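By convention in this document, chain letters (A, B, ...) are assigned in the order of the sequence lines, proteins followed by strands, and residues within each chain are numbered from 1. A quick note: this is a predicted structure, and the numbers were derived from the prediction, not measured.
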Amino acid sequence: MSLETLLQRSVWAQGLTPAQRERVVAEIQVRPVESGGYVCRKGDPSHAWFGVIDGLVKIATASASGKSVTFTGVPAGAWFGEGSVLKRENRKYDVMALRDSVLAHMPIATFDWLLDTSIPFNRFLTLQLNERLGQFIAAVEHERLLDTDARVARSLSSMFNPTLYPSDDTTVQISQEELSYLAGVSRQRVNLALKVLEQAKLVKVDYGVLTILDLEGLREFGM
DNA sequence: TCATTAAATTGTT
DNA sequence: AACAATTTAATGA
């Protein structure tokens, strides 16, 4: 994908005037990140709002003892990081590329200007924040109520939220180990869960790649 | 293009 | 957690 394509697919950018759009394009910086590299680290000052042009990143933290928890995987087409930008605080989480990725950095000044001048931009942010809140509430609910297979199914489907990540791509390039960090279970258990989900014809499992065959079925699996 | 090798990922215990 | 098997990517003939 290119920056242009990302903007074409972003609802907030569709609602900009040509002049606004021109300024946005001029001020966004495009930066590649290699697999395993950091987009930003916990504690970094928040200089920009991020868009994923290509690849896949995760938002995560590592505990003092070294255990890592992934909060969400963020696929191409998504925008994230507005929380810390809005609050003028340092980053609260690490953001790492799970494979070679390309990120759009919108400077905080551009972000603030859109916030002051564009209704569609504000509408988008409200929608996105609301959608995220729903997603994390649901994540807590599912963690406590669902069995492991269903939790893996939900973790996987969370990366295909059509509101947060509009895309027609039905594949994710992610290892089972990374999916285990996202679901909060062991890699071995993810391996078993994927076999169950594959049996149910909800996903197709290939080397390093998962293909969603039935998103609705994945969402409702085990409920 | 094919063979070899290293690295990553998966499958199993 | 450990280990074997499999797949991919890179390298060079």
Side-chain angles (χ1 to χ4, degrees), chain A residues 1-3 5-6 30-42 50-78 80 93-104 135 139 142-144 146-161 164-165 167-223:
Chain A
M1 221 198 283
S2 63
L3 175 59
T5 318
L6 174 63
V30 175
R31 297 186 196 165
V33 196
E34 65 183 13
S35 180
Y38 284 96
V39 175
C40 65
R41 305 290 293 265
K42 191 196 308 197
F50 300 120
V52 183
I53 295 173
D54 255 317
L56 179 68
V57 304
K58 68 172 178 182
I59 297 175
T61 52
S63 73
S65 59
K67 271 186 279 188
S68 71
V69 180
T70 300
F71 297 107
T72 184
V74 185
F80 67 95
Y93 316 106
D94 295 325
V95 180
M96 178 190 276
L98 292 184
R99 55 192 175 84
D100 290 350
S101 303
V102 182
L103 275 288
Q135 197 170 62
H142 295 139
E143 182 181 341
R144 309 219 176 145
L146 299 183
D147 66 35
T148 307
D149 292 339
R151 278 160 52 199
V152 172
R154 297 293 308 206
S155 301
L156 187 52
S157 66
S158 73
M159 285 185 286
F160 293 88
N161 180 316
L164 292 177
Y165 320 125
S167 163
D168 45 6
D169 190 356
T170 60
T171 69
V172 235
Q173 192 184 320
I174 188 173
S175 69
Q176 295 180 10
E177 184 173 25
E178 284 299 343
L179 187 55
S180 80
Y181 294 140
L182 184 55
V185 305
S186 71
R187 180 179 71 77
Q188 290 87 336
R189 195 59 188 77
V190 165
N191 187 261
L192 295 175
L194 285 175
K195 283 177 178 160
V196 171
L197 298 176
E198 191 167 41
Q199 278 290 317
K201 299 201 185 308
L202 300 176
V203 298
K204 191 158 87 69
V205 181
D206 292 302
Y207 186 83
V209 180
L210 300 171
T211 305
I212 276 58
L213 301 178
D214 179 358
L215 184 55
E216 266 313 298
L218 256 197
R219 285 220 183 81
E220 292 163 6
F221 184 86
M223 296 202 69

Bend angle of the helix from B:dT1-C:dA13 to B:dT13-C:dA1 from five-pair axes at both ends, rounded to 10°?
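Axis-to-axis angle, ends of the helix: 10°.
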[X] [atom1] - [N] [atom2] separation (whole Å):
X: A:Asp206; N: C:dT7; atom1: CG; atom2: C1'; result: 11 Å
X: A:Glu177; N: B:dT12; atom1: CD; atom2: P; result: 18 Å
X: A:Asp100; N: C:dT8; atom1: CG; atom2: C1'; result: 14 Å
X: A:Ile174; N: C:dT7; atom1: CD1; atom2: C1'; result: 18 Å
X: A:Arg187; N: C:dA2; atom1: CZ; atom2: C1'; result: 10 Å
X: A:Glu178; N: B:dT10; atom1: CD; atom2: P; result: 10 Å
X: A:Arg99; N: C:dA9; atom1: CZ; atom2: P; result: 12 Å
X: A:Tyr207; N: B:dA7; atom1: OH; atom2: C1'; result: 8 Å

Between A:Leu98 and A:Lys195, name the one whose nearest nucleotide on DNA chain B is closer to the 5' end.
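Whichever sits nearer the 5' end wins; that is A:Leu98.
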A:Phe80: side chain to side chain contact (heavy atoms under 4.5 Å, CB included) partners, not counting sequence neighbours
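A:Phe80: side chain to side chain contact (heavy atoms under 4.5 Å, CB included) contacts with A:Phe50, A:Val52, A:Val57, A:Ile59, A:Val74, A:Val95, A:Leu103, A:Arg132.
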N/O donor-acceptor pairs under 3.5 Å from side chains in residues 30-39 of chain A, not counting sequence neighbours:
{"residue": "A:Arg31", "atom": "NH2", "partner": "A:Gln29", "partner atom": "OE1", "Å": "2.5"}
{"residue": "A:Ser35", "atom": "OG", "partner": "A:Leu98", "partner atom": "O", "Å": "3.3"}

Contacts of A:Asp149 that satisfy side-chain hydrogen bond (donor to acceptor under 3.5 Å, both in side chains) - sequence neighbours left out
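With sequence neighbours excluded, A:Asp149 shows a side-chain hydrogen bond (donor to acceptor under 3.5 Å, both in side chains) to A:Arg189, given in chain and number order.
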Quick one: list whatever passes side-chain hydrogen bond (donor to acceptor under 3.5 Å, both in side chains) with A:Lys204, sequence neighbours left out.
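Expected list: A:Asp206.
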Identify whether the distance between the nearest side-chain nitrogen and carboxylate oxygen of A:Lys195 and A:Glu198 falls below 4.0 Å.
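Result for this pair is no, no salt bridge flagged.
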Phosphate contact (B:dA8 OP1 or OP2) by A:Gln176 side-chain N/O below 4.0 Å:
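The answer is no; no side-chain N or O of A:Gln176 sits under 4.0 Å from OP1 or OP2.
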Side-chain donor/acceptor pairs under 3.5 Å, residues 176-184 of chain A, sequence neighbours excluded:
{"residue": "A:Gln176", "atom": "OE1", "partner": "A:Asn191", "partner atom": "ND2", "Å": "2.7"}
{"residue": "A:Glu177", "atom": "OE2", "partner": "A:Tyr181", "partner atom": "OH", "Å": "3.4"}
{"residue": "A:Glu178", "atom": "OE1", "partner": "A:Lys58", "partner atom": "NZ", "Å": "3.3"}
{"residue": "A:Ser180", "atom": "OG", "partner": "A:Glu177", "partner atom": "O", "Å": "2.5"}

